[in-house]
K.L.:
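I have a structure I would like to understand better, so I am pasting it below and will then ask my questions one at a time.
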Amino acid sequence: MALRGDSAFAPDWARTLVDPLAFAHEQRCLSYVWTFLGFTDDVEKDGDWFRASLATRSVFVQRFGTELKGFENVCAHRFYPLRTKDKGNGPIVCGFHHWRYDHDGSAIGIPKCQENFGTVSRALGARLNPIEIATCGTLVFGRFPASGKRCSLADFLGPGFPILATLSRSPHKPLALSHELAANWKLGLQITFDDYHTVAVHPTTFGKTGYLDREKLTYARFGAHSALINSDRPQVFEELSAACADGSFRPTCYCILQILPNFLVALFRSDRDIFQCCIQQFVPVAHNRSLLRAWVYPAPFPVEGPWHARLWRHASDLVRNRLVQHYSRRVIREDNTICESVQAVAHQIERPPYLAALEERIGWFEQSYRQLVAEGQDVLANIPERTDGRPAAGNVLT
Ligand code: FES
Ligand SMILES: [Fe+2]
């Protein structure tokens, strides 16, 4: 059953792939959506921080005691980036003129403040733009603040929350991969929703067994997000969520959860009853460029069985993990090549695609994406005009 994607796709859906202004507007709108930024492991100790990208804007997350705080990575003085490395530890002190900020992002130590600004540091009222931070398991998410009632991260993820929380708890340091992709972030993401391309694109890995049988797969949609589970039990997604919530979940089949706007977690079998996790994020960089960040690690479940089976498992993990890394890199490379080729002709796309039954979730993604962009547009429309020429705190996108 082939479907035209007309109902999900706008006729000009590819504009953001070729038009920098359309891309910038899309990213402004999506900056208000909960977006994966990094891992709690990187901000374990007081003062730890990491830098990330939130809808193309540089931000950083920092631990202050028991709290995680996030700020746009731009000094209030003359806009120098406060964090110029990927991660570190220490107070917020700008490298340009040494302005120092506290845990609320207020400038509390401005060198020669009285002489230069005619007042004391606190009275100047300069502060960093804050971002909202929330966690799910070891995953740190952020978004720019906006007025009005907004959903919590738990509400945004819905039944996906306990699944992500469970799968993110890796006992081992994940293997981190990153690839620059000469293609729009949505092309990178679309191929992860596509269960139709494996025979043509991955002939030596997934494609060996032929086309997937749609009847034997469950596609579940929850809020803006979706999942594929390699099982035909009708309630399998709800069962998965409940089992993760009560701690009884043990993997038995392949599944993948795609969380809008640009994040996914997959659970896959690497050997008989042994599973691995793969987290991926397509970070938008420009209309025609993105950064794929990926982490691969053994699924966080206890090894069951007699002692010799557990011992063998630990010994064989070394070899298995290497093979998983090798195949993960290959699959990512094969997908990226396809995305970059589509990007090269993106200016010729003038209509929605045909969507196969095995591509149904691409249509779901596009619908949810349009909804989130529309909600962001509403936020932008409701930001009051300022009269003093300075951005309102938290409303930096005006
Ligand atoms: S730009 Fe940061 S202190 Fe001047
Ligand atoms: Fe693929």
Side-chain angles (χ1 to χ4, degrees), residues 49 51 58-60 71-85 90-102 105-117 119-122 124-129 177 179 181 183 185-212 217 228 230 254-256 258 264-268 276 278-282 290 292 294 296 324 326-343 355-356 358-362 365 390-391 396:
W49 54 265
R51 185 175 60 171
S58 181
V59 300
F60 68 96
F71 301 101
E72 191 163 20
N73 188 23
V74 177
C75 181
H77 177 217
R78 280 185 46 224
F79 320 115
Y80 188 74
L82 294 150
R83 302 304 189 190
T84 53
K85 296 192 178 125
I92 310 173
V93 181
C94 181
F96 198 172
H97 310 90
H98 281 178
W99 281 30
R100 178 181 287 259
Y101 296 87
D102 69 6
S106 297
I108 49 152
I110 297 177
K112 303 275 181 195
C113 196
Q114 193 72 48
E115 289 163 56
N116 282 286
F117 297 98
T119 186
V120 294
S121 299
R122 281 188 186 280
L124 196 62
R127 49 190 324 241
L128 303 178
N129 287 319
L177 308 167
H179 289 260
L181 180 62
W185 67 280
K186 279 174 65 182
L187 292 178
L189 211 60
Q190 279 178 0
I191 204 165
T192 72
F193 290 102
D194 175 346
D195 302 316
Y196 189 45
H197 72 287
T198 47
V199 172
V201 177
H202 307 299
T204 59
T205 47
F206 303 141
K208 275 193 294 207
T209 49
Y211 285 95
L212 292 168
L217 303 174
L228 151 68
N230 196 0
Y254 175 76
C255 69
I256 180 167
Q258 272 108 340
L264 66 89
V265 179
L267 180 65
F268 62 94
Q276 306 272 332
C278 178
I279 289 177
Q280 287 186 31
Q281 182 182 36
F282 291 90
S290 17
L292 168 57
V296 185
V324 168
H326 169 76
Y327 283 110
S328 301
R329 282 200 171 95
R330 181 196 290 184
V331 168
I332 286 171
R333 212 171 35 241
E334 289 167 347
D335 282 339
N336 287 358
T337 302
I338 294 288
C339 297
E340 291 176 350
S341 300
V342 176
Q343 180 69 46
L355 290 183
L358 284 167
E359 296 168 312
E360 183 179 12
R361 292 181 309 129
I362 296 176
F365 166 78
R390 289 179 185 230
V396 292

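Side-chain atoms are counted along with the backbone in the values below, which use heavy atoms only and exclude waters and symmetry mates. Numbering of ligands and ligand atoms starts at 1, following listing order. Counting begins at 1 with the first residue of the sequence.
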K.L.:
Of all N/O/S atoms in His202, which lies nearest to the Fe ion (ligand 2)?
P.N.:
NE2

K.L.:
Would you mind running through ligand 1 and noting each atom that sits below 4.0 Å from a heavy atom of Trp99?
P.N.:
3 (S)

K.L.:
Decide, counting backbone as well as side-chain atoms, whether His97 has an N, O or S atom less than 2.8 Å from atom 2 (Fe) of ligand 1.
P.N.:
no

K.L.:
To make sure I understand the geometry: which N, O or S atom in His77 is closest to atom 4 (Fe) of ligand 1?
P.N.:
ND1

K.L.:
Which one of Leu228, Asp195, Leu267 satisfies the side chain to side chain contact (heavy atoms under 4.5 Å, CB included) criterion with Ile256?
P.N.:
Leu228

K.L.:
Between Gln280 and Thr192, do the side chains contain an N or O donor and an N or O acceptor separated by less than 3.5 Å?
P.N.:
no

K.L.:
If the cut-off is 4.0 Å to any non-hydrogen atom of Cys94, which atoms of ligand 1 fall inside it?
P.N.:
1 (S), 2 (Fe), 3 (S)

K.L.:
Given side chains that start at C-beta, do those of Glu72 and Leu128 come closer than 4.5 Å, heavy atoms only?
P.N.:
no

K.L.:
Between Asp194 and Val201, does a side chain to side chain contact (heavy atoms under 4.5 Å, CB included) hold up when you go through it step by step?
P.N.:
CA-CA 11 Å; Asp194 175 346; Val201 177; over 6 Å; no

K.L.:
Considering just N/O/S atoms, say which atom of Asp335 is closest to the Fe ion (ligand 2).
P.N.:
OD1

K.L.:
Tell me, please, if Asp194 has any N/O/S atom, main chain or side chain, under 2.8 Å from the Fe ion (ligand 2)?
P.N.:
no

K.L.:
So how far is it from Cys113 SG to Ile108 CD1, rounded to the nearest 0.5 Å?
P.N.:
12.0 Å

K.L.:
How about Cys75: does one of its N, O or S atoms come closer than 2.8 Å to atom 4 (Fe) of ligand 1?
P.N.:
no

K.L.:
Are side-chain heavy atoms of Gln190 and Val342 found at a separation under 4.5 Å?
P.N.:
no

K.L.:
Could you list the atoms of ligand 1 found under 4.0 angstrom from a heavy atom of Tyr80?
P.N.:
1 (S)

K.L.:
For His98, look at atom NE2 and say whether over 12 heavy atoms of other residues, nucleotides or ligands are found less than 6.0 Å away.
P.N.:
no

K.L.:
Any idea which protein heavy atom is nearest atom 1 (S) of ligand 1, and the distance to it?
P.N.:
Arg78 N, 3.3 Å

